[in-house]
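Here's the structure we're looking at; comments come further down.
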Protein chains: 2
Amino acid sequence: MTDSVAQGRPKIGKRERLVAAAARVFYEQGVEKTTIADIAAAADVPVGNVYYYFKTKDQFVQAVIDTHAGVLAEIVAGIEPLPGPAERLKAMVASWVEQRDLAARYGCPTGSLAAELDKRPDAFGGEPARLMSLLIDWARGQFAELGRPDAAELAVAFVAAYQGISLLANTFRDPGLMVTEGARLARWIDELAGRG
Amino acid sequence: MTDSVAQGRPKIGKRERLVAAAARVFYEQGVEKTTIADIAAAADVPVGNVYYYFKTKDQFVQAVIDTHAGVLAEIVAGIEPLPGPAERLKAMVASWVEQRDLAARYGCPTGSLAAELDKRPDAFGGEPARLMSLLIDWARGQFAELGRPDAAELAVAFVAAYQGISLLANTFRDPGLMVTEGARLARWIDELAGRG
DNA sequence: GTCTATACCACGATAGAC
DNA sequence: GTCTATCGTGGTATAGAC
C-alpha cells in the first residue's frame, strides 16, 4: 500500500470543517433556513464538493447532533473532578452564564436545535431527546448524590430552567437575564444541599 | 350605496380563516417549513386568492403574532376575577398543564414561535419580545401584589420554567412532564405567598 | 373579489470533466 | 478527490381572465 497522504486522500479536516461550519450556521440561522450553499461558504468549500462528504442535508443534521453530544460530554468531563454534587451543579450553571452573550443572540445550542427538529413528524428519530437526556441524566445523578429522592423531577426542573431562561434571554436579546437566573439557581442548589 | 353584502364583498371570515389556518400550521410545522400553499390548503382557500389578503408570508407571521396576543389576553382576562395573586398564578399554571398534550406534540405556541423568529437578524422587529412581555408583565404584577420586591426576577423565572418544561415535554413527547412541573410550580407559589 | 396560469428564482442533488 | 455545470423540483409572487 503506497503512502495515502501523498496520493489523492482528502485534505485532513475538510469533513470536520464542514461539520463545524454546519453547527455554527444551523445555530445562527436555524436548520430550515440554512442551505447547503451556506454551509459550503462558511466552510470555504466549493458547493459541489460538499456532496462527496454528505449526501443529504439531514446527514449534516445528524453530524451536528453528534458534535453537540461531544461538546456536552466535554463540559461534563471538565466538571467531574469537583468534590461534591452541589459544586458540580453550580459549575454547570456557571458554564451556562459564561455563554450568556451567545445565548442572548442565538439561544441554547441544544435547545434551539431540539425546538426546530421537534416540529418534524418523527422528531428526527428521537435524536434531540437523546441529546437532551445527556444533560438531564447527568443532573439526575448529581441530585441523587445529594440524597434527593426526587432527583429525576429536580433534574428536569433544572434543565427546564436553563432552557427557558435561554429562550427568554434570546427573545429579549438580554444576557443579563442569564446572570440573574444563574444566581437564583445557585441559591436553589445551596438550599437543596443544606436540607440534604 | 348599494348593499355591499349582495355585491362582491369578500366572504366574511375568509381572512380570519386564513389567519387561523396560518397559526395552526406555523405551530405544527414551524414557520420556515410552512409554504403559502400549506396555509391555503389548511384554510380551504385557493392558493392564488391568498395574495389578495396577504402580500407576503411575513404578513401572515405578523397576523399570527397578533392572534397569539389576543389569546393570551383572553386567558389573563379569564383569570382576573380570582380573589388573590397566588390563586391567579396557580390558575395560569393550571391552564398550561391543561394544554399538556399539545405542548408535548408541538411545544408552547408562543415559545416555539419566538424561538424560530429569534434566529432572524432583526428578531422580527422585536414582536416576539412584545408577545412574551404580555405574560411576564402580568406575572410581575401578580408577584408584586404578593409583596415580593423581587417580582421582576420571579416573573422571569416563572415564565422561563414554563417555556423550559414545554420544550422538554415536546422533545420527549411526554405530557407528564408538564403535570409534574406544574405541581412543583404550584408548591413554589404557595411558599412565596406564605412568606409574603 | 375570485381564481388560473405562469413567471421567476432558489434550492437540493447529480453528472461528469479534470 | 475536486469542482463546474446543470437538471429538476418546489416555492413566492404576479398578471390578468372572469
Side-chain angles (χ1 to χ4, degrees), chain A residues 1-26 28-64 116-117 119-122 124, chain B residues 1-26 28-64 116-117 119-122 124:
Chain A
M1 200 198 271
T2 57
D3 180 0
S4 64
V5 172
Q7 310 258 336
R9 205 174 68 161
K11 258 186 216 163
I12 60 152
K14 199 159 190 180
R15 196 195 144 90
E16 286 70 20
R17 243 170 52 225
L18 280 167
V19 176
R24 191 170 65 248
V25 181
F26 282 168
E28 293 175 357
Q29 313 186 336
V31 174
E32 305 297 353
K33 255 277 178 94
T34 296
T35 69
I36 304 277
D38 289 337
I39 299 172
D44 200 31
V45 168
V47 258
N49 195 9
V50 169
Y51 287 90
Y52 177 74
Y53 297 94
F54 296 93
K55 294 302 162 205
T56 71
K57 194 175 163 183
D58 277 1
Q59 286 184 6
F60 270 113
V61 175
Q62 183 60 59
V64 166
E116 215 172 348
L117 297 178
K119 292 290 186 190
R120 299 198 185 184
D122 71 338
F124 206 77
Chain B
M1 199 199 273
T2 58
D3 181 1
S4 63
V5 171
Q7 310 257 337
R9 204 173 68 162
K11 260 186 214 162
I12 61 151
K14 200 158 188 179
R15 195 195 147 90
E16 286 69 20
R17 243 168 56 223
L18 280 167
V19 176
R24 191 169 65 249
V25 182
F26 282 168
E28 293 175 357
Q29 314 187 335
V31 174
E32 305 297 353
K33 257 275 177 98
T34 296
T35 69
I36 303 278
D38 289 337
I39 298 172
D44 200 31
V45 168
V47 258
N49 195 10
V50 169
Y51 286 90
Y52 177 74
Y53 297 95
F54 297 93
K55 293 304 163 206
T56 71
K57 195 175 162 183
D58 277 1
Q59 286 184 6
F60 270 112
V61 174
Q62 183 61 59
V64 166
E116 215 172 348
L117 297 178
K119 292 289 187 191
R120 300 198 184 184
D122 72 338
F124 206 77

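In the text below, chain A, chain B and the rest are named by the order of the sequence lines, each starting its count at 1. Hydrogens, waters and symmetry mates are skipped; everything else that's a heavy atom, side chains included, is used.
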Would you indicate, yes or no, if dC3(D) has its OP1 or OP2 atom less than 4.0 angstrom from a side-chain nitrogen or oxygen of K14(A)? yes
Salt bridge (charged side-chain N to carboxylate O under 4.0 Å, His left out) partners of R120(B), counting only residues at least two apart: E32(B), D58(B)
Would you mind reading off the distance between F54(A) atom CZ and dT14(C) atom P, rounded to a whole angstrom? 15 Å
Name all pairs fulfilling the salt bridge (charged side-chain N to carboxylate O under 4.0 Å, His left out) condition that reach into residues 44-57 of chain B, sequence neighbours left out, sorted by first residue then second. none
Expressed as a whole number of angstroms, how long is the span from E32(A):CD to dG10(D):P? 16 Å
Just jot down the side chain to side chain contact (heavy atoms under 4.5 Å, CB included) partners of A63(B), sequence neighbours excluded, or say none. V19(B), F54(B)
d(CG, D44(A); P, dT2(D)) in whole Å: 13 Å
How would you list, by chain and number, every residue that makes a side chain to side chain contact (heavy atoms under 4.5 Å, CB included) with A42(B), sequence neighbours excluded? A21(B), R24(B), V25(B)
Student check: side-chain heavy atoms of F60(B) and I36(B) closer than 4.5 Å: yes
Contacts of type side chain to side chain contact (heavy atoms under 4.5 Å, CB included), residue V45(A), not counting sequence neighbours: K14(A), R17(A), L18(A), A43(A), N49(A), V50(A)
With Q29(A) via side chain to side chain donor-acceptor pair (under 3.5 Å) - residues at least two apart: T34(A)
Side chain to side chain contact (heavy atoms under 4.5 Å, CB included) involving A37(A) - partner list, sequence neighbours excluded: T35(A), V47(A)
Using a 4.0 Å heavy-atom cut-off to protein, can you give one letter per nucleotide of nucleotides 13-18 of chain D, 5' to 3': B if the base is in contact, S if only the sugar-phosphate is, - if neither? BB----
Reading DNA chain C 5' to 3', how would its secondary structure be written in dot-bracket notation, given Watson-Crick and G-U pairs with both distances under 3.5 Å, brackets [ ] for crossing pairs and | for partners on other strands? ||||||||||||||||||
Picking from dT2(C), dT12(D), dT2(D), the nucleotide nearest the side-chain atoms of N49(B) would be dT2(C)
